[in-house]
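Convention: sequence-line order gives letters A, B, ...; per-chain numbering from 1.
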There are 2 protein chains.
Amino acid sequence: MLDPLFDYIQRYGKQLLSEAEKERIRRIMLPKRLRRKQYFLEEGKVCTYTGFIVRGATRQFSVDEQGNEHILQLAIENWWITDRDSYMNRTPSKYFIEAWEDTELLLMPRERLDELLEIPAIKGMFWQMSENNHIASQKRLDDTISLPAIKRYEHFEQLYPEIVQRFPAHQIASYLGIARETLSRARSRSLR
Amino acid sequence: MLDPLFDYIQRYGKQLLSEAEKERIRRIMLPKRLRRKQYFLEEGKVCTYTGFIVRGATRQFSVDEQGNEHILQLAIENWWITDRDSYMNRTPSKYFIEAWEDTELLLMPRERLDELLEIPAIKGMFWQMSENNHIASQKRLDDTISLPAIKRYEHFEQLYPEIVQRFPAHQIASYLGIARETLSRARSRSLR
DNA sequence: ACTTCACTGTGACCTTTGTCAACAGGCGTT
DNA sequence: AACGCCTGTTGACAAAGGTCACAGTGAAGT
């Protein structure tokens, strides 16, 4: 079960893991199963784990005063899920993270993060993730303020075809910040 | 001239700098002046420096096919300016960074980044910056997909009152992804 | 002093998108 | 088989925001 994680760490940390290091990781990471619709994180709670998805799919969202959900992340295998702010700074989260399919995770407990970061490949990976996340959210932001709804959808579809397959359209619409009807119409129009 | 930078590094890196380290930094960082409207980075070029603003103000923006500008960052003293993707991965940038006021910078050359990262406080600061940037762009994204134009402006004003003072309204509007007229109307309406 | 230019505000109009509502298909549960 | 529930689609209408045009102000440059 840890192999996808080891692969991931070695790829993004740009270093190989020794057997001893793997063993150390094995002892720290906690396996966890979530059933569809179960929460990984709820608003107001501190996000004490960062999770690595081995199998399944999750969504992260906030809920505004009117009760509307706004999706910030849709994640599948080999993605990390967390509220970075809450996890790093131990502050209450504004977000929910919910399993959208039955999901298997590996959890990185916040209180053992420093131990894990002693492993060079993990440190490198963490660095790279932070970097990549920052770059990706910058691009998403650029799209969001620059492009009309349809274009944003097209970009998204091109970037994450598998996500589009596995989540219903109204979730994608929420991720893009548009109404599900708008997405539906945009799609049918772009077929002609 | 380097004192604001040293303060910044110690604050965000959560470690003090020795005199030897300060000397090392002094030898690597390049002072640079930009006059108003001069470019720090142009689209298509690789961003070979990351700049620390000692005095002045800059804006980072992309230009779409219709020639419209979309502002990604408005920066003043004690902010870093760079295209992270271009800088880290040495790829051509999609962005412009332009001095909005006469500006004094300290430049961190990409080819000497590894040297600088040997200094623990700098490594810590870099980490923290990446973290903070990611968290900030996540919040901005959440606002952008969740809130109507006026609310976004109010949030922004509350978060960065000094930026609002120093940049003209049409730049702020572009940062928020709205037309300058919309912002103008929103402002006059919220006074009543 | 005069011109120019950048910036802001406002009205009229149009486009895009959101909202509300109704409907239909699929799918699992009982 | 019957019932919900989730999902996607479509229409009618409303609201938000964009576009275009014009005017006024003030600062900078000549």
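The distance from atom CD of A:E98 to atom C1' of D:dC6 is 14 Å, rounded to the nearest whole Å. The CZ atom of B:R166 sits 19 Å away from the C1' atom of C:dA6 (whole-angstrom rounding). Separating the CD atom of A:E101 from the P atom of D:dC6 is a distance of 17 Å, rounded to the nearest angstrom. Following rounding to the nearest Å, A:R189 (CZ) and D:dG11 (P) show an atom-to-atom distance of 10 Å. One atom, CZ of A:R187, and another, P of D:dT9, lie 6 Å apart when rounded to the nearest Å. Across the protein-nucleic acid pair, A:Q165 atom CD and D:dG8 atom C1' stand 16 Å apart, rounded to whole Å. Taking atom CZ on A:R36 and atom P on C:dG28, their separation rounds to 11 Å, with Å as the unit. Between the NZ atom of A:K151 and the C1' atom of C:dT16 there is a distance of 15 Å, given to the nearest Å.
Using a 4.0 Å cutoff on non-hydrogen atoms, the parts of residues 137-150 of chain B near DNA chain D are B:P148, B:A149, ordered by number.
Regarding contacts with the backbone of C:dA6, every side-chain N or O of B:H170 stays at 4.0 angstrom or more from both OP1 and OP2. A:T182 has a side-chain polar atom (N or O) that falls below the 4.0 Å cut-off from OP1 or OP2 of C:dG18.
Checked by atom type and distance alone, the side chain of A:Q171 never pairs as donor or acceptor with a backbone atom of A:V164 at under 3.5 Å. Listed for the A:R152 side chain is a donor-acceptor partner under 3.5 Å among the backbone atoms of A:L147. One N or O on the side chain of A:Q38 and one on the backbone of A:R35 form a donor-acceptor pair closer than 3.5 Å. Judged by distance alone, the side chain of B:D102 and the main-chain N or O of B:R36 form a donor-acceptor pair under 3.5 Å.
The closest side-chain heavy-atom distance from A:I76 to A:I53 is not below 4.5 Å.
Between the side chains of B:Y12 and B:N132, no donor-acceptor pair is found at a separation under 3.5 Å. Under the 3.5 Å distance criterion, with hydrogens and angles disregarded, a donor-acceptor pair is assigned to the side chains of A:T50 and A:T82.
Counting distance only, with no hydrogens placed and no angle test, the side-chain atoms of B:R185 and the base atoms of C:dG11 include a donor-acceptor pair under 3.5 Å. A donor N or O paired with an acceptor N or O is not found under 3.5 Å between the base of C:dC7 and the side-chain atoms of B:Q171. Contact of A:R180 with D:dT10 (side chain to base): no donor-acceptor pair of N or O atoms is detected under 3.5 Å.
Checking B:Y160, B:Y8, B:F52 one by one against B:W79, the ring pair (Phe, Tyr, Trp, His ring centres under 6.0 Å) holds for a single residue, B:Y160.
Proximity of the aromatic rings of A:F156 and A:Y175 is defined here by a centroid distance below 6.0 angstrom, and this criterion is met.
Each of D:dT19, C:dC7, C:dA21 was ranked by its minimum atom distance to the side chain of A:E181; first place goes to C:dA21. Proximity note for B:W100 (side chain, C-beta onward) versus C:dC7, C:dG9, C:dT10: the nearest is C:dC7. Of the candidates D:dT10, D:dT19, C:dG9, the closest approach to any side-chain atom of B:A179 belongs to D:dT19.
Heavy-atom nearest nucleotides on DNA chain C were determined for B:K37 and for A:I178, and the one closer to the 5' end corresponds to B:K37.
By the ring-ring contact (aromatic ring centres under 6.0 Å, His included) test, B:Y87 is found to be paired with no residue, residues two or more places apart in sequence or in another chain being considered.
A rotation axis mapping the C1' atoms of four pairs onto the next four is fitted at both ends of the helix from C:dA1-D:dT30 to C:dT30-D:dA1 over five pairs, and the angle between these axes is 40° to 10 degrees.
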